[in-house]
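Scroll down for the structure; my scribbles are underneath it.
When reading the values below, keep in mind they use all heavy atoms of this one structure, side chains included, and skip hydrogens, waters and symmetry mates.
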Amino acid sequence: MLKRYFHKTLIEAGCDEAGRGCLAGPVTAAAVVLPKNFSNRKLNDSKQLSHDDRLELREVIQQKALAYAVCFIDHTDIDRFNILQASFMAMHGALDQLAIRPELLLIDGNRFRPYRDIPHQCIIQGDGLYMSIAAASILAKTYRDEHMVQLHQQYPHYGWHTNKGYPTNCHRQGIAEHGTSPYHRLSFQLLPQPQQGLLFEAAD
């Protein structure tokens with residue numbers, strides 16, 4: 001059972017992101033404020049859950065949360081600012097949309113760019129420790145996954161309906177054979193180094 005809160009009385013928002021390690025598509029972050037008495041035994045880090053469980057929990061989170069928001073930062077900003085800064089931008093964007101102003105931010109991971117004057121606590125593997133961070137991880141992942149499935153309809157060569165933009169063999173084979181799409185992160189190493197030259201020849 002995950003912990004319900006970090007601080008007993010402060011209004012807490014859990015924050016997490018999805019898609020940092022992908023070769024294509026946006027990085028997506030969510031912020032969630034849960035009631036202090038929220039409880040759900042199935043709630044866990046999104047990576048530990050099945051697709052169906054994530055969708056089921058998303059509905060519960062959206063019904064029960066005091067506030068929640070999701071933000072996408074696209075591949076062009078990832079290339080412009082780098083993936084770490086884009087992840088912070090996505091979290092800040094989600095926090096900007098919250099209907100309730102939190103008093104403490106619980107951040108999954110070990111780094112964060114301070115948001116306004118609200119104190120934050122970075123928690124390594126926090127999505128497996130605190131309910132609000134786990135809830136944010138589920139929203140970020142499910143919304144991003146659905147977005148990548150939609151992009152797959154436009155660009156079916158890369159298997160995004162299954163790999164969601166992560167660097168699988170199928171995805172990299174698609175890049176090697178068809179070049180890049182308009183949604184690829186060009187600042188990332190899209191192919192292993194010996195093949196990188198082939199990529200740019202194909203793209204020209």
**Study point:** NZ or CZ of Arg58 within 45° of Tyr143 ring axis and under 6.0 Å
**Key:** yes
Practice item. For residues Ile118 and Pro102, determine if any side-chain heavy atom of one lies less than 4.5 Å from a side-chain heavy atom of the other. Key: yes
**Study point:** Side chains of Asp145 and Thr142 in contact at under 4.5 Å (non-hydrogen atoms)
**Key:** no
Review point. With under 30° as parallel and over 60° as perpendicular, where do the rings of His120 and Phe112 fit, or are they tilted in between?
Key: perpendicular
Point to revise | side-chain hydrogen bond (donor to acceptor under 3.5 Å, both in side chains) between Asp74 and Thr76, worked out | key: CA-CA 6 Å; Asp74 71 18; Thr76 58; 2.5 Å; yes
Practice item. List the steps and the verdict of side-chain hydrogen bond (donor to acceptor under 3.5 Å, both in side chains) for Tyr115 and Asp96. Key: CA-CA 9 Å; Tyr115 177 77; Asp96 284 341; 2.6 Å; yes
Check your understanding: Rounded to the nearest 0.5 Å, how far does OG1 of Thr180 lie from CG of Leu186?
Key -> 5.5 Å
Check your understanding: Would you call Asp16 and Lys141 a salt bridge, taking side-chain N to carboxylate O under 4.0 Å as the test?
Key -> no
Point to revise | Verdict with reasoning, Arg113 to Gln85, per side-chain hydrogen bond (donor to acceptor under 3.5 Å, both in side chains) | key: CA-CA 8 Å; Arg113 191 173 73 213; Gln85 295 305 317; 2.9 Å; yes
Exercise for review: Report the relative orientation of the aromatic rings in His184 and Tyr158; use parallel for angles under 30°, tilted for 30 to 60°, perpendicular for over 60°.
Suggested key: perpendicular
Practice item. Would you name the heavy atoms of Ala134 and Asp45 that are closest together and state the gap between them? Key: CB-N, 4.2 Å
Practice item. Would you check if the side chain of Gln97 reaches a backbone N or O of Val70 as a donor-acceptor pair within less than 3.5 Å? Key: yes
Check your understanding: What do you reckon, is NZ of Lys3 surrounded by more than 12 foreign heavy atoms closer than 6.0 Å?
Key -> no
Review point. Does Arg144 use its side chain to pair, donor to acceptor, with the backbone of Lys164 at less than 3.5 Å?
Key: yes
Check your understanding: Will you find, in the side chains of Asp127 and Ser137, an N or O donor that is under 3.5 Å from an N or O acceptor?
Key -> no
Review point. Does the pair Phe72 and His147 meet the rule for a ring pair (Phe, Tyr, Trp, His ring centres under 6.0 Å), with working shown?
Key: CA-CA 10 Å; Phe72 292 77; His147 180 72; 5.4 Å; yes
Exercise for review: Answer yes or no: does atom CD of Glu103 have more than 12 heavy-atom neighbours from other residues, nucleotides or ligands under 6.0 Å?
Suggested key: yes
Review point. Given side chains that start at C-beta, do those of Leu104 and Phe6 come closer than 4.5 Å, heavy atoms only?
Key: yes
Review point. When you look at Gln173 and Glu177, which way does the side-chain hydrogen bond (donor to acceptor under 3.5 Å, both in side chains) test go after all the steps?
Key: CA-CA 6 Å; Gln173 186 65 31; Glu177 293 180 1; 2.6 Å; yes
Check your understanding: Can you tell me if Arg54 uses its side chain to pair, donor with acceptor, with the backbone of Leu49 under 3.5 Å?
Key -> yes
Practice item. To the nearest 0.5 angstrom, please state how far the OG atom of Ser181 sits from the CH2 atom of Trp160. Key: 3.5 Å
**Study point:** Separation between SG of Cys15 and CD1 of Ile107, rounded to the nearest 0.5 Å
**Key:** 4.0 Å
